[in-house]
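Everything below concerns the one structure shown next.
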Amino acid sequence: MDSPNCTLLLFNHDKGTPPNEDEIREELESKEIPKKIEGLKTLISLLMSGESMPKLLMTVIRFCVPCDDHKIKKLLLFYWEVVEKTGSDGKLLPEMILVCNNLRNDLNHPNEYIRGCTLRFLCKLKEAEILEPLIPTIKNNLEHRHSFVRRNAVLTVFAVYKSFEHLLPDAADLIEKVLLTESDPATKRNAFLMLFHCAQDRAAAFLSDNLDQVSSYGDVLQLVVLELIRKVVRANPLDKSKYIRCILTLFNSPSNAVAFECASALVALSSSATAIRAAATSYTGLLSTQSDNNIKLIVLERLQDLKKQHPKVLQEMVMDIMRALSSANLDIRQKTLDITLDLLAPKTIAEVMQVLKKEVQKTQGEDGEKNTEYRAMLINAIRQAAIKFPESASTVVPVLMDFLGDANQGSAVDVVLFVREIVETHPHLRQTIMAKLLSSFPSIGSARVARVALWLVGEYCVEAAEVAAAFAMMHSCLGPVPFTSANSEGVTAAPMPRAEGRPVVLADGSYASQTAHEDGSGLVPGEPMLRGLLVGGDFFLATVVATTLAKLALRTRAHVPPAAANLVAAEVMLLLTGLLQLGKAGQVGQSIDPDSQERIAMYLQVLSDPSPEVAELHLVHCREAFSTMLSERQAAEEAEKPAKNAIEVNRQADDLIVVRQLRGRTAEMTAMDLDDDDDMDLSKATGTTKQEDFSSRLKRVTQLTGLSDAVYAEAYVTVHWYDIMLDVLVVNQTKEPMQNLCLELATVGDLKLCERPQSYVLLPGESKHIKANIKVSSTETGIVFGSIVYDNSGSATPSADRNCVVLNDIHIDIMDYIAPASCSDLTFRAMWAEFEWENKVPVNTDITDVTEFLAHVVKSTNMKCLTPQSALEGQSGFLAANLYAKSIFGEDALVNVSVESHNEGKIFGYIRIRSKTQGIALSLGDKITLKQKKLLNKSAAA
């Protein structure tokens, strides 16, 4: 049985047995006001819980109605709302006549508060027999001296007219008279709102006669006026100019809500540049004046939508939009930067770059996680702007290079990678950038940044002066040889570096052990940072130093005589020998690894006997490979741009034309129906924008019981973001009625059943749709199981003859929550090192081609392959690729596929899955394993 509705929730503090009817009667009959109040609260709570106490109705009328206490009168209004007002025959109870008299007395009460509350209560009544005798009193309250009473009287007339139009046939005339004579803003707003919904022509006539006075109305009335204008202009486009002038005057309203609605209405009604500019000005003004982050995000969303339709107008206001960067919220800053980058134009790029440069400089002296992340956003924005407008790079690159020595390694890495790209793509900036890099290199304290910087020095220091400056810088940063002192001199060994034994995935997908060194772990006060990193045991950096020195020595031969070039080569060989001695001396915590030792020894051999082929390989082909990589990445970005910037087609050329005036109207449709825009917003909010046809619905049907069971059941599963809707069809296949039939469900995983479905009675052959709502809190494969229980109608003891039909399990597929996503290679590696949960799935399939197997995995997991297609081309028996996807809950799913094809055609290898949570790693692994087994089964069947 459904409980009655009430607009107030009363919390029952007593957790014991609720009082019975006699105890409540004693409290209601008590002469003490507090006891009466407690009795009324208890009675209302029990009625809300589904209890029925009809005998107490007269007790309340006799002992509570005569009280003048305001709290009791307010509780009485809630009691009248929830109490049963009709008998079993559907007719009004005789006691309601006394209630009606009480309500009439309260409507004539000298206290305006009691009058107003009673009028507000009448808005909730749906019994015409009670309302009909009160109509004259309601009309009299429209002329009460107090605005609180008049305001609620208007609402009461509105509610009664909506539900029972025959009780107030002259409601529009009454309210129009109130609207013309009323001075209270809230009452005037209520009156105009009623005419707007019930007599729109009268509201439009009143607005036309008072257009010049709209600016003097209160903000609550102005909002309703704007809503009416949108409807009137849609119905009569010829009146657009008159009403748009009214909207433009409302932009000066001190209310921010009115200004926002003005902008929204203007964008919906007009596409002229003047109107769009006024709306954009209003939005940007709200960005500057509002402190609420939610409001700023909403305004930025509107600006983003406006940008798609009118980009040229918003390009003029890009500097106003960038004022939102003053907010401390990172989401607001990121959205602002995204909008700004899309609105960049040649005439505004200089000002935008200047603002971005100032923002970066502000973050230089501040610390904190948010500040670090904001700096990374700015650097990425500057990079994209510089790529889009190359002429602006010269002004910001020198400023960004000051961050190469930043304590935050992430920002420094972003800067040095950006510099590397600019140096290659803008040859005219190389000389300036390389000079700045050589002067800034001694301040670099991160090994990762130093490696990229050293590569730049070796590749782009080409001229004689640049090579000499590079050698001078390298000598000052490396210091004298040897890099280690003899133990006999009493020098203690350098401290052991802090090592992290976590494995890391390499670019080919294989694993390697990586030792993480603290920057400057072997640094002595006054010692150069590069020397400190080398002495601290970073031999990977030592190989990069050796590569850079070898390239510089090879370039020297083009600028000096052979004898001088040989002296330079000998000096470099001495430094490389010192690096080998450092690795073998045993002074640091670990010795040099074989790979680094082999690379340094190779450069010793190259310098001892240089050949033209080896010189060309190091000095030409290396840069060509980097240039090719940049070209491929740029081509991939250009290929994705049309898909991102494609204009969404709302209507096709051969679509049917929908004429709203000819649209069918059902009995429930009135003038209060929503317009097209509101319908669209409502459908978006409820997730019903996509209509599935019958065939697609059948794919989501799961059979729960067998055809021979007493109860046949099947479920239609709808997954919508955080909700799972189960529409279960239950059919009684027996010849007897089923009593108390109930669907009992339970869940496994991060699924939560919102409410227990109620019981039903099914006649023979009757069917019933039972709906169940399940909440989802994380991305993993969930299971819903349960049973259907019912009683036989002819049993004397139903509980002893309880029947149960067990249902098949419903598996919620993880693929409903995962979508392909993209991330950079650096981000993928960082997440792979950070995430703790890993699921290692062995490959077990009959596919013989590694490329075909990768395509099958990508299709089965709904993920995106981050490895470029160029790296997967060619005939090879080995393949390694990285896949990435993101869930609707913001969770990241990383997959590394490493497979190898043997001579007999069998593929071996592993698929490694990493995520921050255990559920997604295990569920995705089960999905991959299942898909492999299905493929094997299909092949066996064939």
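Bear in mind that the values here come from a model prediction, so they are computed numbers and not experimental data.
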Original post:
Leu417 and side chain to side chain contact (heavy atoms under 4.5 Å, CB included): which partner among Val419, Val413, Val415?
Top reply: Val413
Original post:
Side chains of Thr274 and Ser272: is there a donor and an acceptor less than 3.5 Å apart?
Top reply: no
Original post:
In terms of ring plane angle, is the pair Phe828 and Tyr884 parallel, tilted or perpendicular, where the classes change at 30° and 60°?
Top reply: perpendicular
Original post:
Under 30°, 30 to 60°, or over 60°: which ring-plane class applies to His426 and His428, parallel, tilted or perpendicular?
Top reply: perpendicular
Subject >> Asp305 and Gln309: side chain donor to acceptor below 3.5 Å >> reply: no
Original post:
On the ring face of Phe192, is Lys188 found with NZ or CZ under 6.0 Å from the centre and within 45° of the axis?
Top reply: no
**OP:** May I ask you to test the Asp173-Arg202 pair for a side-chain heavy-atom distance under 4.5 Å?
**Re:** yes
Original post:
Taking atom types as modelled and ignoring hydrogens, do the side chains of Asn152 and Arg120 form a donor-acceptor contact shorter than 3.5 angstrom?
Top reply: yes
Original post:
Below 4.5 Å, heavy atoms only, C-beta onward: do Phe196 and Lys231 meet side chain to side chain?
Top reply: yes
Subject >> Salt-bridge contact Lys307-Asp342 (side-chain N to carboxylate O under 4.0 Å) >> reply: yes
Subject >> Pair Arg151 + Asp184, salt bridge at N-O below 4.0 Å >> reply: yes
Original post:
Less than 4.5 Å apart, any side-chain heavy atom of Leu325 and any of Leu337?
Top reply: yes
Subject >> Sub-4.5 Å side-chain heavy-atom contact between Ile295 and Phe260 >> reply: no
Original post:
Is it true that the side chains of Tyr161 and Thr156 contain a donor and an acceptor less than 3.5 Å apart?
Top reply: no
Original post:
Do Lys916 and Glu891 sit within salt-bridge range, that is, some charged N less than 4.0 Å from a carboxylate O?
Top reply: no
**OP:** State, without any angle test, whether Arg302 and Ser264 hold a side-chain donor-acceptor pair at a distance under 3.5 Å.
**Re:** yes
Subject >> Donor + acceptor pair across side chains of Glu359, Tyr374 (<3.5 Å) >> reply: yes
